[in-house]
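These notes concern the structure reproduced below.
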Amino acid sequence: MLDLIVIGAGPGGYVAAIRAAQLGLSVACIEREPALGGTCLRVGCIPSKAMLESSERFHATAHDLNRFGVKVGNVELDLAAMHKHKDTCVNAGTRGVDGLFKKNKVTRYEGTAAFTGPGAIRVQGKDNVELSAKHILIATGSKPAQLRGVEMDGELIGDSTTALGYREVPGHLVVIGAGVIGLELGSVWLRLGAKVTVLEYMDHILPGLDEEISKEALKVFKKQGFAFHLGAKVTGASPARKGGGVTVHAEGLEDIKCDRVLVATGRWANTEGLGLENIGLKTNQRGQIEVDEHYQTAVPGVYAIGDVIPGPMLAHKAEEEGIACVERIATGVGHVNYNAIPGIVYTHPEIAGVGKTEQELKAAGIEYNVGRFNFIANGRARALGETAGWVKILADKRTDRVLGAHIIGARAGDLIAEVAVAIEFGASAEDIARSCHAHPTLAECVKEAALGVAGRTIHM
Ligand code: NAI
């Protein structure tokens with residue numbers, strides 16, 4: 001009997017398996033896909049970042065190098081080479097996880113796992129085995145949500161995986177949903193020359209974000225050439241009757257004709273085929289597995305983490321949960337500070353946030369001070385030609401403790417790490433402000449915003 005079986009080798013599952021093995025547990029990890037790494041490595045975070053980087057370079061070379069004194073001739077797109085770069089990134093990552101499993105002595109099984117009873121798992125696929133363990137961790141992630149009336153054919157109408165692999169730039173791409181996936185992948189194809197129309201049900205984009213940032217992002221994306229229809233509920237999409245392409249129907253809008261449709265209306269927990277009924281484990285109304293603060297499900301010895309449980313669907317959140325869960329199993333302690341989990345949108349400029357938003361603080365009746373610094377006042381940002389956006393730090397009015405930070409601007413995703421650490425350490429805005437930040441760096445924008453909390457900004 002094993003100490004631990006992990007079902008799913010995404011960032012939540014494989015990290016948990018490695019950590020458990022480091023702690024001396026005997027661990028097996030079951031994954032149905034031949035490549036390890038889950039959605040994130042195979043068809044999510046990593047390939048999308050490769051395409052975002054390539055498309056940004058293409059766009060900058062074609063439209064933006066002149067102002068830096070670089071003249072370029074005819075800029076051409078080699079989409080096949082872009083896909084090759086993406087595949088290289090993916091393969092390096094998935095093979096890397098294989099290597100880490102070997103190094104840490106995690107036994108890998110390739111196949112679909114299902115519970116046959118308490119502590120018992122059957123693997124079917126390339127490997128066919130019956131396994132048993134004291135502890136079983138479900139880390140099966142999520143899949144794209146289906147939208148009623150919109151049948152995905154994986155070709156003209158598809159999800160994020162389809163949109164990562166288009167072999168030609170669509171003439172007109174309609175994106176359903178102005179969430180993270182819609183705007184990141186919409187950015188890729190917009191930069192490569194597609195007309196991109198985004199249809200969003202809500203009256204704002206990027207739900208859950210700091211409202212001020214969401215409004216600014218909408219302005220910036222419109223300027224880049226995105227067309228938005230907010231308050232547009234898509235009710236159907238089907239291949240056009242004549243002339244090819246797709247017709248999209250949305251309440252209150254005339255039908256839209258386009259070449260391809262990306263459905264990006266959220267994701268749904270992956271529990272199908274897991275045999276949860278064989279251990280008496282039920283999912284909630286949203287199809288997720290409910291857990292307690294130690295990731296224990298209603299069934300003793302069965303745990304769940306990541307996209308399959310409630311909470312934001314983020315690779316790094318799943319990783320933290322995986323580590324906390326197995327550390328608790330092995331040592332008795334393990335904890336995740338959900339207030340210090342950053343969220344990042346990898347558009348241009350990037351958008352990042354951690355801790356509380358202004359609307360959350362207002363709703364909770366917490367008084368706070370705001371420190372702000374605009375990228376345009378930072379020397380490095382000007383040299384980079386990246387002057388759009390700002391850093392905003394929110395600190396408790398009474399104690400100066402950092403409660404949240406929200407950044408729209410160059411490298412926001414890297415800059416937010418400092419504030420996440422500050423929140424984790426219970427730091428004050430003054431702690432950040434008094435820490436030396438190298439000059440000239442974008443990180444000075446964070447320091448200046450922290451200075452701004454006490455009205456002491458120097459360069460603005
Ligand atoms: P999302 O939940 O972020 O956004 C979906 C959007 O679709 C919402 O704004 C919603 O109002 C809209 N919508 C739903 N039904 C609609 C309809 N019938 N018509 C028009 N609009 C409709 O979901 P998304 O972008 O698909 O991402 C899925 C998950 O993956 C999210 O939890 C996201 O956080 C995560 N993710 C995170 C990334 C990152 O951290 N950079 C990157 C990609 C995904």
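In listed order, ligands and their atoms are each counted from 1.
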(request) Output all residues satisfying ring-ring contact (aromatic ring centres under 6.0 Å, His included) with Phe228, sequence neighbours left out; order by chain, then residue number. (result) Phe226
(request) Over 60° means perpendicular and under 30° means parallel, so classify the ring planes of His135 and Tyr303, tilted if in between. (result) tilted
Kindly list each side-chain donor-acceptor pair under 3.5 angstrom involving residues 197-204, sequence neighbours excluded, with atom names and distances?
| unit_1 | atom_1 | unit_2 | atom_2 | d |
| --- | --- | --- | --- | --- |
| Thr197 | OG1 | His172 | NE2 | 2.7 |
| Glu200 | OE1 | Ala178 | N | 2.7 |
| Glu200 | OE2 | Met202 | N | 2.8 |

(message) Taking Thr387's backbone N and O only, do any of them form a donor-acceptor pair with Arg382's side chain (distance below 3.5 Å, no angle check)?
(response) no
Review item, side-chain donor-acceptor pairs of residues 46-59, under 3.5 Å, at least two apart:
| unit_1 | atom_1 | unit_2 | atom_2 | d |
| --- | --- | --- | --- | --- |
| Ser48 | OG | Gly44 | O | 2.9 |
| Ser48 | OG | Cys45 | O | 3.0 |
| Lys49 | NZ | Glu184 | OE1 | 2.9 |
| Glu53 | OE2 | Arg57 | NE | 3.2 |
| Glu53 | OE2 | Arg57 | NH2 | 3.4 |
| Ser54 | OG | Ala50 | O | 3.0 |
| Ser55 | OG | Met51 | O | 2.8 |
| Ser55 | OG | Leu52 | O | 3.1 |
| Ser55 | OG | Arg191 | NH1 | 3.2 |
| Glu56 | OE2 | His348 | ND1 | 2.8 |

Find all protein N or O atoms under 3.5 angstrom from an N or O atom of ligand 1 and list the pairs with distances, or write 'none'.
| unit_1 | atom_1 | unit_2 | atom_2 | d |
| --- | --- | --- | --- | --- |
| ligand 1 | 9 (O) | Glu200 | OE1 | 2.6 |
| ligand 1 | 9 (O) | Glu200 | OE2 | 3.0 |
| ligand 1 | 11 (O) | Glu200 | OE2 | 2.6 |
| ligand 1 | 18 (N) | Val234 | O | 3.3 |
| ligand 1 | 19 (N) | Val234 | N | 3.0 |
| ligand 1 | 21 (N) | Tyr201 | N | 3.1 |
| ligand 1 | 23 (O) | Gly266 | N | 3.3 |
| ligand 1 | 25 (O) | Val180 | N | 3.2 |
| ligand 1 | 25 (O) | Ile181 | N | 2.9 |
| ligand 1 | 26 (O) | Ala264 | O | 3.4 |
| ligand 1 | 26 (O) | Gly266 | N | 2.9 |
| ligand 1 | 40 (O) | Ile344 | O | 3.4 |
| ligand 1 | 41 (N) | Glu184 | OE2 | 3.0 |
| ligand 1 | 41 (N) | Ile344 | O | 2.8 |

(message) Taking the cut-offs as 6.0 angstrom to the six-membered ring centre and 45 degrees off its axis, would you call Arg260 and Tyr166 a cation-pi pair?
(response) yes
